[in-house]
Novice: 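First the structure, which I've put down as structure tokens, then a few questions once you've had a look.
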Amino acid sequence: DNDRLHYRLAKAYELAGEPDNALASLEAVTRYCPSSPLCAEAHFRSGEILFSQQRYRQAKAAYGAAIAAGADTPFYRNAVYMRGWAQFKLAEYADALSSLGGIVDDLLADGRTPEQLTRADQELLEETGKDLPPDLRERLGKALRSPSGESPRPGPRPADRHADPR
């Protein structure tokens, strides 16, 4: 129950515009409740706050901790994606290319085409290509083109892909 209390407190601090207090509460979740089902999410949320504060090295570490929780967590793909952007902001271009390219490889594994993906995953592919170096953008463009040569049309943009379902 302490994990949920700290998590809710972090949400309240974030809504009140107190990101440093939110980070402290999220850290309490990860430090004192490491086996909590909220732990991966707390790492991810910490990464989001740190990234928004342009604290990219710390954000990269937080996303890395969310990734370490495993591919079966709901924050895995988004953590890989955001770690790639943190690496990009840190001028770690080879690592960023690997992280962001890994998203494409993962989504299109086993011969899947963009048309076979969910709208949210199609959108993630589209977003991954924005503001990237030309070599990665070209790789993403090839992956996103359907056999007919047309780009898939992603569905409506979700208000918040990371919305708390509780």
Side-chain angles (χ1 to χ4, degrees), residues 1-107 117-133 136-137 140 154-166:
D1 284 338
N2 282 340
D3 57 342
R4 290 190 188 284
L5 177 65
H6 286 294
Y7 181 82
R8 287 184 181 142
L9 186 57
K11 291 290 273 186
Y13 279 133
E14 199 169 357
L15 290 171
E18 299 181 34
D20 292 330
N21 286 330
L23 281 170
S25 292
L26 290 168
E27 183 182 335
V29 173
T30 61
R31 178 179 290 172
Y32 302 118
C33 309
S35 61
S36 166
L38 294 172
C39 198
E41 183 174 355
H43 284 300
F44 181 80
R45 300 267 181 236
S46 294
E48 295 285 87
I49 293 169
L50 293 163
F51 191 93
S52 72
Q53 294 178 335
Q54 300 179 355
R55 295 163 61 185
Y56 301 120
R57 190 158 311 284
Q58 292 166 295
K60 181 179 90 168
Y63 293 129
I67 292 165
D72 58 333
T73 67
F75 294 92
Y76 179 81
R77 261 194 202 135
N78 288 332
V80 172
Y81 173 79
M82 290 304 299
R83 182 183 64 180
W85 276 108
Q87 292 164 326
F88 183 81
K89 294 288 192 176
L90 292 166
E92 297 172 357
Y93 300 121
D95 291 337
L97 181 64
S98 178
S99 292
L100 296 171
I103 292 290
V104 174
D105 294 341
D106 181 48
L107 290 173
L117 300 175
T118 65
R119 289 188 189 281
D121 285 343
Q122 287 177 3
E123 182 179 295
L124 183 60
L125 280 175
E126 290 284 340
E127 286 179 13
T128 301
K130 293 180 182 172
D131 302 320
L132 292 178
L136 182 56
R137 197 174 27 235
L140 291 173
R157 188 179 184 96
D160 182 9
R161 227 184 6 245
H162 314 298
D164 182 10
R166 288 177 266 294

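The residues of the chain are indexed from 1 along the displayed sequence.
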Novice: With a cut-off of 3.5 Å and sequence neighbours excluded, list every side-chain donor-acceptor pair involving residues 62-72.
Specialist:
| unit_1 | atom_1 | unit_2 | atom_2 | d |
| --- | --- | --- | --- | --- |
| Y63 | OH | G47 | O | 3.1 |
| Y63 | OH | E48 | N | 3.3 |
| Y63 | OH | E48 | OE1 | 2.6 |

Novice: With D3, which residues qualify under salt bridge (charged side-chain N to carboxylate O under 4.0 Å, His left out), at least two apart?
Specialist: none
Novice: Run the side-chain hydrogen bond (donor to acceptor under 3.5 Å, both in side chains) test against N2 and tell me which residues pass, sequence neighbours left out.
Specialist: none
Novice: So does E92 pair up with R83, basic N to acidic O under 4.0 Å?
Specialist: no
Novice: Output all residues satisfying side-chain hydrogen bond (donor to acceptor under 3.5 Å, both in side chains) with E14, sequence neighbours left out; order by chain, then residue number.
Specialist: none
Novice: In plain terms, say whether R45 and E41 are close enough for a salt bridge, that is, a side-chain N and a carboxylate O under 4.0 Å apart.
Specialist: yes
Novice: Excluding sequence neighbours, so at least two apart, what forms salt bridge (charged side-chain N to carboxylate O under 4.0 Å, His left out) with D95?
Specialist: none
Novice: Just jot down the side-chain contact (heavy atoms from CB on, under 4.5 Å) partners of R55, sequence neighbours excluded, or say none.
Specialist: D20, L23, L50, Q53, Q58
Novice: Output all residues satisfying side-chain contact (heavy atoms from CB on, under 4.5 Å) with L117, sequence neighbours left out; order by chain, then residue number.
Specialist: L107, L108, R112, D121, Q122, L125
Novice: Can you sort out the partners of Y56 under ring pair (Phe, Tyr, Trp, His ring centres under 6.0 Å), two or more places apart, ordered by chain and number?
Specialist: F51
Novice: Restricting to side-chain contact (heavy atoms from CB on, under 4.5 Å), what partner residues turn up for D106, sequence neighbours left out?
Specialist: R77
Novice: Applying salt bridge (charged side-chain N to carboxylate O under 4.0 Å, His left out), can you list everything that pairs with E27, at least two apart in sequence or on another chain?
Specialist: R31
